Amino acid sequence: MRLSGKDEEKVLSGAVQLAEHLKHTFKWDQIDILGPAPAPVLRVKGYYRYQVMLKGNCRKVRSKIDSCLAVYRKSNSVIINVEVDPFGF
């Protein structure tokens, strides 16, 4: 997942909150939550970018992931993009 926005503090705060929420939600499942970490290119066209990665079989728990994301997608200042099976990881 990549979180981006014009205000770096809001993006980082959103990434930390999302990662903590996911870690709490998947405490007993076989999903590892990595991050948040700055994207390889932190700022593009005025948008700061941070990423949170989920490692494991996420297909089994997709509905839980979607419900977690729904809470954080309500913010207009932080954009969340999800990439499934990203190339190069």
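Predicted model only: the values in this text are computed from it and were never measured.
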Closest non-hydrogen atom pair, Lys23 against Gly35: NZ-O, 3.8 Å
So, the side chain of Arg49 versus the backbone of Val41: is there a donor-acceptor pair under 3.5 Å, distance only? yes
Are Pro38 and Gln51 close enough that some pair of their side-chain heavy atoms sits under 4.5 Å apart? no
Sole candidate of Ile31, Leu69, Ile33 that passes side chain to side chain contact (heavy atoms under 4.5 Å, CB included) when paired with Leu22: Ile33
Taking C-beta and beyond as the side chain, do Leu54 and Met1 meet within less than 4.5 Å on heavy atoms? yes
Looking at CD1 of Ile65 and OG1 of Thr25, how far apart are the two atoms once the value is rounded to the nearest 0.5 Å? 10.0 Å
Side-chain donor/acceptor pairs under 3.5 Å, residues 3-11, sequence neighbours excluded:
residue : atom : partner : partner atom : Å
Asp7    : OD1  : Glu9    : N            : 3.1
Glu8    : OE2  : Tyr50   : OH           : 2.7

